Amino acid sequence: MGDISFFMPITKKEPQKDGSVIVTGYASTPTKDLDDEIISLDAVKKALPAYMEWRNVRAMHQPNAVGTAKEAHVDDVGLYLRARIVEPGAVNLVNEGVYKDLSVGIFDPE
């Protein structure tokens with residue numbers, strides 16, 4: 001198995017005076033992903049504290065961080081994320097609608 005991902009639409013974009021942009025939306029819900037698998041809300045809840053230690057937001061599941069999560073919590077719908085995107089190229093891609101989605105990535109080395 002490789003990387004697992006599923007994309008959820010950015011529901012709100014808030015340009016900031018410093019040139020960054022705040023994006024919000026669900027990054028994961030308990031629905032089938034592109035690998036026909038479901039990430040349970042319990043699994044997301046279990047992983048969230050470790051993620052929030054670093055809070056990196058990455059572009060297209062690549063190793064380059066483009067921002068940080070400002071808020072993340074799991075509710076009845078899924079993993080809600082509010083993140084500040086600071087990398088200028090990524091900010092431009094968000095503002096132009098090229099980056100339209102949020103997603104979680106799970107690396108499985110097996």
Side-chain angles (χ1 to χ4, degrees):
M1 189 183 317
D3 291 335
I4 299 170
S5 60
F6 183 70
F7 304 97
M8 304 294 296
I10 292 171
T11 57
K12 188 174 184 181
K13 297 185 287 189
E14 303 171 68
Q16 304 297 296
K17 290 180 182 179
D18 65 1
S20 66
V21 62
I22 303 289
V23 295
T24 57
Y26 284 92
S28 180
T29 61
T31 55
K32 286 187 180 181
D33 63 20
L34 297 176
D35 290 318
D36 206 30
E37 296 180 351
I38 296 173
I39 302 171
S40 73
L41 293 181
D42 286 339
V44 174
K45 286 178 188 175
K46 184 177 177 182
L48 192 55
Y51 170 72
M52 290 304 286
E53 287 183 33
W54 295 97
R55 303 178 297 125
N56 285 334
V57 173
R58 301 186 179 279
M60 306 297 294
H61 296 264
Q62 298 301 309
N64 55 317
V66 298
T68 56
K70 297 300 180 187
E71 175 188 350
H73 66 269
V74 179
D75 61 21
D76 292 341
V77 175
L79 172 62
Y80 175 84
L81 181 70
R82 182 173 185 269
R84 181 172 175 241
I85 308 303
V86 298
E87 195 280 320
V91 169
N92 187 51
L93 292 170
V94 168
N95 288 334
E96 291 298 320
V98 176
Y99 288 170
K100 299 174 172 49
D101 310 281
L102 299 169
S103 67
V104 296
I106 300 171
F107 177 71
D108 183 355
E110 295 179 16

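This chain uses plain numbering: 1 for the first residue, then up along the sequence. Both backbone and side-chain heavy atoms feed into the values below; hydrogens, waters and symmetry mates do not. What you see is a predicted model, and the numbers here were worked out from it, not measured in a lab.
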Spacing of [atom1] belonging to [X] relative to [atom2] belonging to [Y], to within rounding of 0.5 Å:
{"X": "L93", "Y": "K100", "atom1": "CG", "atom2": "NZ", "answer": "10.0 Å"}
{"X": "D101", "Y": "M8", "atom1": "CG", "atom2": "CE", "answer": "9.0 Å"}
{"X": "N95", "Y": "K13", "atom1": "CG", "atom2": "NZ", "answer": "6.0 Å"}

* Asked: Which residue pairs pass the salt bridge (Lys or Arg N to Asp or Glu O under 4.0 Å) test with at least one member in residues 63-81, sequence neighbours excluded?
  ->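 For residues 63-81, and leaving out neighbouring residues, there are no salt bridge (Lys or Arg N to Asp or Glu O under 4.0 Å) pairs at all.
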Result block: side-chain N/O donor-acceptor pairs under 3.5 angstrom for residues 77-85, not counting sequence neighbours:
| unit_1 | atom_1 | unit_2 | atom_2 | d |
| --- | --- | --- | --- | --- |
| R84 | NE | S20 | OG | 3.1 |
| R84 | NH2 | D18 | OD2 | 2.2 |

* Structure fact -> Shortest non-hydrogen pair, E14 vs T24, comes out as OE2-CG2, 4.4 Å
Which atom pairs, one a donor and one an acceptor, fall under 3.5 Å between side chains of residues 45-56 and the rest of the protein, sequence neighbours left out?
| unit_1 | atom_1 | unit_2 | atom_2 | d |
| --- | --- | --- | --- | --- |
| Y51 | OH | N56 | O | 2.9 |
| R55 | NH1 | A69 | O | 2.8 |

Treating Ile, Leu, Val, Met, Phe, Trp and Tyr as nodes and any side-chain heavy-atom pair under 4.5 angstrom as an edge, say whether [X] and [Y] lie in one connected cluster.
{"X": "I38", "Y": "V104", "result": "no"}
{"X": "V23", "Y": "V86", "result": "no"}
{"X": "V74", "Y": "I39", "result": "yes"}

* Pick one: which of D42, L41, V44 meets side-chain contact (heavy atoms from CB on, under 4.5 Å) with P30? ->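 Checked D42, L41, V44 against P30; only one passes side-chain contact (heavy atoms from CB on, under 4.5 Å): L41.
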